[in-house]
Amino acid sequence: MANPIRIQDIAQHEGETVTLRGWLYAKTGKGKLQFLQLRDGSGIAQCVVFKGEVSEELFQNAKDLTQESSLIVTGSVRANTKAPGVPGGYEVGVEELQVLHIAESFPIAPKEHGVEFLMDHRHLWLRSRQQWAALRIRATIIRAIRNWLDDQGFINMDTPIITPTAGENTTHLFEVSYFDDAAYLAQTGQLYNEATMAAFGKVYCFGPTFRAEKSKTRRHLAEFWMVEPEIAFCSLEELMDIEEQMLVYVVEQVLAKHRPELEVLERDVSKLEAITSPFPRLSYDEAVEKVAEIREQTEDDELKAQLDLTWGDDFGSPHETELTKLFDKPVFVYHYPTAAKAFYMEPVEGRPEVCRSVDLLAPEGYGEIIGGSERIYDLELLERRIEEFGVNKDDYQWYLDLRRFGSVPHAGFGLGIERTVTWLTGQDHIRAMIPFPRTLNRMNP
RNA sequence: UCCUCCGUAGCUCAAUGGCAGAGCAACCGGCUGUUAACCGGUAGGUUAUUGGUUCGAAUCCAAUCGGAGGAGCCA
């Protein structure tokens with residue numbers, strides 16, 4: 001065994017004898033040649049076995065390898081523009097081959113498969129190029145978000161997953177037993193974050209979020225990851241600045257680190273390069289007008305019916321999708337109708353029918369990835385809103401305390417990780433953007 | 001919860017009322033430059049389940065089960 005390297009670094013080792021350790025991604029043979037596509041988690045490299053250069057036994061061992069067999073090869077790295085792989089362009093001329101395990105017939109062949117079959121084999125599907133590429137980008141997105149927030153002085157303050165009551169009381173929750181009581185899996189950390197905000201100033205929680213909604217769309221998971229910053233003394237306008245700067249940084253990091261992965265995913269990189277400050281900002285009023293204009297101009301009767309909207313309605317998916325098509329960047333829509341939003345959102349001064357809320361809609365039809373707002377900080381108003389919403393005030397006494405002891409204007413938002421990954425990788429479905437998705441009809445494997 | 005669509009070999013699909021088939025994967029053989037190689041061969045079936053219509057059902061009808069896409073709700 002020579003110097004063991006990772007495939008992502010192969011270009012730095014041209015001319016050297018190296019060792020690669022991994023799994024056989026694919027193989028083609030041609031008489032006295034075997035082409036092994038070897039995957040090691042960091043990339044895929046072509047390893048060439050030529051009968052004239054190795055022992056009879058080694059050649060036969062190479063020929064007998066099956067897809068996903070595990071192996072260690074040693075050989076010299078040479079440039080070859082035709083060599084496939086990720087990053088590609090280099091191949092290894094095999095001199096030694098150690099077979100660790102001959103894999104049984106691998107269910108996922110290098111061809112097209114149906115969704116159900118792939119999801120049943122998610123534990124194996126993860127090894128495929130596109131899954132690998134998207135999940136590597138996911139990891140970078142998470143890391144970039146944390147780095148940006150940490151660098152801006154935010155304190156990571158994770159909030160409980162087991163909670164006694166509904167957070168926003170707007171969605172169906174997963175009920176679990178907590179000793180002798182019922183409890184619920186968290187649908188948001190925001191209310192707790194308002195408490196940590198008053199202790200630390202700028203905070204964020206980053207964790208799994210659970211929604212028991214019976215949603216069956218390409219945008220929904222029952223368990224997904226969300227980052228929720230909460231900032232003291234922050235206005236809605238400043239909140240938009242923060243969201244914008246953070247996202248621009250995330251996109252820069254993805255572009256800087258994942259060109260090969262974006263190529264595997266056939267992502268149009270120019271769409272990502274266009275994500276620069278500033279993002280367009282539309283009030284709900286303006287957005288309603290835009291939707292009405294689109295509706296008038298379309299000749300698609302079905303779309304016309306879907307886009308029917310009167311002032312005060314929340315936007316549905318079709319409205320969001322059409323709105324985002326007007327821009328090549330994410331678009332902020334702010335000042336939504338108060339009646340369409342959660343109870344804790346600050347009303348706009350002199351215009352209580354709308355509130356200090358803002359959603360960020362991703363372009364190319366991807367839609368909402370962030371929801372945020374200024375929070376009510378007046379005790380009496382918050383008490384009144386809780387009553388109007390018909391939720392149990394006793395459950396919110398600690399939350400109301402935050403308005404009794406040094407209440408300050410503050411704002412925060414929640415960003416859905418998997419929705420962001422779906423958009424940045426240009427994929428069509430959220431379920432492949434998390435290693436083991438939980439959806440309406442599936443929690444296995 | 002509602003609407004639409006789908007279920008045939010391990011996988012992707014064809015057969016539309018008349019003998020259940022092909023490609024890929026697997027296995028055997030051939031080939032020095034493959035990119036989902038190619039060529040020849042072997043093997044592979046309770047047509048989701050149950051019932052009905054029919055001389056005859058993968059095909060038509062009903063119910064059930066499983067899945068997909070969308071609406072609503074949301075990130």
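Letters A, B, ... mirror the listed sequences (proteins, then strands); counts begin at 1.
Residue-level contact check: A:Phe35 touches the bases, meaning some heavy atom is under 4.0 Å from a base atom. Across all strands, A:Pro84 comes closer than 4.0 Å to base atoms (heavy-atom distances). A:Glu91 comes within 4.0 angstrom of a nucleotide base, judged by non-hydrogen atoms across all strands. If you check every strand for non-hydrogen atoms under 4.0 Å, A:Ile369 touches sugar and phosphate atoms only. Using a 4.0 Å heavy-atom distance criterion, A:Ile370 is classed as a sugar-phosphate-only contact.
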Review item, side-chain donor-acceptor pairs of residues 25-35 of chain A, under 3.5 Å, at least two apart:
unit_1	atom_1	unit_2	atom_2	d
A:Tyr25	OH	A:Arg129	N	3.1
A:Lys27	NZ	A:Lys63	O	2.5
A:Lys27	NZ	A:Leu65	O	2.9

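By the 30° and 60° cut-offs, the orientation of the rings of A:His121 relative to A:Phe117 is tilted.
Taken residue by residue, residues 411-418 of chain A places heavy atoms nearer than 4.0 Å to RNA chain B at A:Gly414, A:Gly416. For RNA chain B, no neighbouring residue in residues 324-336 of chain A is found when judged by any heavy atom under 4.0 Å.
In this structure, A:Trp125 places its CH2 atom 16 Å from P of B:C11, rounding to the nearest Å. Between the CG atom of A:Asp120 and the P atom of B:G7 there is a distance of 18 Å, given to the nearest Å. Separating the CZ atom of A:Phe117 from the P atom of B:A48 is a distance of 18 Å, rounded to the nearest angstrom.
Side-chain N or O atoms of A:Ser235 include one that pairs as donor or acceptor with a backbone N or O of A:Glu238 at under 3.5 Å. Remark: the backbone N or O of A:Ile7 is paired with a side-chain donor or acceptor of A:Asp40 at under 3.5 angstrom.
Partners of A:Glu194 under the salt bridge (charged side-chain N to carboxylate O under 4.0 Å, His left out) rule, at least two apart in sequence or in another chain, are A:Arg403. Residues satisfying the salt bridge (charged side-chain N to carboxylate O under 4.0 Å, His left out) test with A:Arg219, not counting sequence neighbours, are none. Applying the salt bridge (charged side-chain N to carboxylate O under 4.0 Å, His left out) test to A:Arg6 and every residue at least two apart in sequence or in another chain returns nothing. A:Arg419 meets the salt bridge (charged side-chain N to carboxylate O under 4.0 Å, His left out) test with no other residue; sequence neighbours excluded.
Aromatic ring centroids of A:Tyr284 and A:Phe315 lie under 6.0 Å apart.
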Task: Bracket notation of RNA chain B in which parentheses pair within the strand, [ ] cross earlier pairs, and | pairs with another strand (Watson-Crick or G-U, under 3.5 Å) - done: (((((((..((((....[..)))).(((((.......))))).....(((((..]....))))))))))))....
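When the C1' atom is compared between B:G17 and B:G56, the two are found 8 Å apart, to the nearest whole Å. Remark: the separation of the P atoms in B:C11 and B:A71 is 30 Å, to the nearest Å. Rounded to a whole angstrom, the distance from the P atom of B:U1 to that of B:C61 is 26 Å. B:A37 and B:A75: their P atoms are spaced 45 Å apart (whole Å). Spacing between B:C74 and B:A63 at atom P, rounded to whole Å, works out to 34 Å.
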Shorter than 3.5 Å, N or O on both sides, protein versus nucleotides 67-72 of chain B: list them out with atom names.
unit_1	atom_1	unit_2	atom_2	d
B:G67	OP1	A:Asn441	O	3.2
B:A68	OP2	A:Asn441	ND2	3.4
B:A68	N7	A:Lys216	NZ	3.0
B:G69	OP1	A:His429	NE2	2.8
B:G69	OP1	A:Arg431	NH1	2.9
B:G69	OP1	A:Arg431	NH2	3.0
B:G69	O3'	A:Arg218	NH2	3.1
B:G70	OP1	A:Arg218	NE	2.1
B:G70	OP1	A:Arg218	NH2	3.1
B:G70	OP2	A:Arg218	N	2.8
B:G70	N7	A:Lys216	O	3.1
B:A71	OP2	A:Arg219	NH2	3.2
B:G72	O6	A:Ser215	OG	3.2

For nucleotides 22-30 of chain B, give me every protein contact, N/O to N/O, under 3.5 Å, one pair per line with atom names.
unit_1	atom_1	unit_2	atom_2	d
B:G23	N2	A:Lys111	NZ	2.6

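For A:Arg385 and A:Phe343, the positive end is not near the middle of the six-membered ring at less than 6.0 Å and at most 45° from its axis.
Residue pairs that meet the salt bridge (Lys or Arg N to Asp or Glu O under 4.0 Å) test with at least one member in residues 70-88 of chain A, sequence neighbours left out, are A:Arg78-A:Glu91. Annotation: salt bridge (Lys or Arg N to Asp or Glu O under 4.0 Å) contacts involving residues 327-337 of chain A, sequence neighbours excluded, are absent.
Interface remark: the A:Gln34 side chain does not form any donor-acceptor pair with the B:U34 base, using a distance-only criterion of under 3.5 Å.
Distances shown here put a side-chain N or O of A:Lys30 below 4.0 Å from the OP1 or OP2 atom of B:G33.
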